[in-house]
Structures are given as C-alpha cells and as structure tokens.
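Input: a single structure, listed below in structure tokens.
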Amino acid sequence: MDTEKKLALIQNTYAAALAETANTYARMNVLECVVATKAERQEQTAEAMLNMMGIASADEVFTTLAEVFGCADWHTAPTENGFIATAKACKLCALSKRMGGANACHGWCLNPMAAMVAKLTGREVGDGMFTVRRTLMDSDACEVEVAL
C-alpha cells in the first residue's frame, strides 16, 4: 500500500473512532459533560498543538487541520474584521450521523480550533472572536466567523 492510501486509511479510521466515541457518550447521556471537560483541556493544550503542527496564524488552524486530518474541507475567506471559514463536507459529521447522530462537532473539531485561535490571537475562548454560525449536523455547511 502506498503512503497516500495509508494516510487516507488512517484519517478515515481516526474520524470513525471519534464518531463512535461521540455516539457512545451520547448513549451514556454524558456527551455534554465530556465536551465541556474537553474544552478546558483543549485550552491548556492549544499551544502544544500549534507548535506540533507549525501553525502560526488563525486561518492556518483551519487549513492545516484540513490537510493533516483530511476530515473537513475547510476554506477561508477574508472579511473586514477577520475571516469566515467554511466546510461543505466533513467525514466526522457524516460518520457520526450514520452511527447514531451524536454531535461531535464541538468536542472534537470546533472547540479545539477555537482554543488554538484564541492562543494565537491572545484572546479568550468565548469572547466573540470565534462564532459558529452553523454546522453540517443541521445545515449544508459548517461556517465559523473569526474576528481578529
């Protein structure tokens, strides 16, 4: 098997494992608690994740994670105050829907990105710099507005 096929297999297996995890937590009625706990940890580990992936700007959070994990097809477009990031497809979301419908978006995708963007910009998560407008769980796209 060539390297490209191995990478795709690893990316798909990873997305499936995350979707299964979110659905298991939802069936156990602890998904919201787990997502909240993970959000705290993600703020603590954001700097290490940024350094490990060589991410130096807020828009690179989206493009680099799309490249590394091959999950969501993130694209960014500049706005007057920052940028809009949009994904029209996401393996994690699609797999999670197929496995039971638990929303894995925040705990395993959006919250980690918000923590990384906050670390890069010196802002706090939740201060309005990272606004999720919609997700693929209930829409035709995932859209995040980042105010810099």
Minimum heavy-atom separation for [X] and [Y], please, with both atom names.
X: His75; Y: Asp73; result: CD2-O, 2.9 Å
X: Met137; Y: Cys93; result: SD-SG, 3.3 Å
X: Gln42; Y: Gly107; result: NE2-O, 2.9 Å
X: Ala15; Y: Lys91; result: CB-CB, 4.1 Å
X: Leu31; Y: Ala102; result: CD2-CB, 4.2 Å

How many angstroms lie between atom [atom1] of [X] and atom [atom2] of [Y], to the nearest 0.5 angstrom?
X: Leu95; Y: Arg98; atom1: CG; atom2: CZ; answer: 5.0 Å
X: Leu92; Y: Lys97; atom1: CG; atom2: NZ; answer: 11.0 Å
X: Arg27; Y: Met99; atom1: CZ; atom2: CE; answer: 9.5 Å
X: Thr45; Y: Lys38; atom1: OG1; atom2: NZ; answer: 8.5 Å
X: Asn111; Y: Arg41; atom1: CG; atom2: CZ; answer: 14.5 Å
X: Glu60; Y: Met53; atom1: CD; atom2: CE; answer: 11.5 Å

Worksheet item: When the ring planes of Phe69 and Tyr14 are compared, do they come out parallel, tilted or perpendicular, using 30° and 60° as the limits?
Response: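 Phe69 and Tyr14: parallel rings.
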Item to complete: May I ask you to decide if the ring planes of Phe62 and Phe83 are parallel, tilted or perpendicular, using 30° and 60° as cut-offs?
Response: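 Correct class here is perpendicular.
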I'd like a table of donor-acceptor pairs (distance under 3.5 Å, sequence neighbours excluded) in which one partner is a side-chain atom from residues 138-148, with atom names and distances.
residue: Ser139; atom: OG; partner: Arg134; partner atom: NH1; Å: 3.2
residue: Asp140; atom: OD1; partner: Arg134; partner atom: NH1; Å: 2.5
residue: Glu145; atom: OE1; partner: Arg133; partner atom: NE; Å: 3.3
residue: Glu145; atom: OE1; partner: Arg133; partner atom: NH2; Å: 2.7

Worksheet entry | All pairs passing salt bridge (Lys or Arg N to Asp or Glu O under 4.0 Å) where residues 114-127 contributes a residue, at least two apart | Arg123-Asp127
Worksheet, complete the sentence: Hits for side chain to side chain contact (heavy atoms under 4.5 Å, CB included) against Glu32, two or more places apart or cross-chain, chain-then-number order -> none
Find out if a path of hydrophobic residues (ILVMFWY) with successive side-chain heavy-atom gaps under 4.5 Å connects [X] to [Y].
X: Ile55; Y: Leu110; value: yes
X: Val30; Y: Leu18; value: yes
X: Val117; Y: Met52; value: yes
X: Val68; Y: Val61; value: yes
X: Leu120; Y: Met49; value: yes

Worksheet item: Do the side-chain N and O atoms of Ser96 and Asn103 include a donor-acceptor pair separated by under 3.5 angstrom?
Response: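 On atom types as modelled, these side chains do not qualify, holding no pair under 3.5 Å.
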Worksheet item: Side chains of Phe130 and Val132: does their closest heavy-atom pair fall under 4.5 Å?
Response: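 Side chain of Phe130 against side chain of Val132, heavy atoms only: contact under 4.5 Å found.
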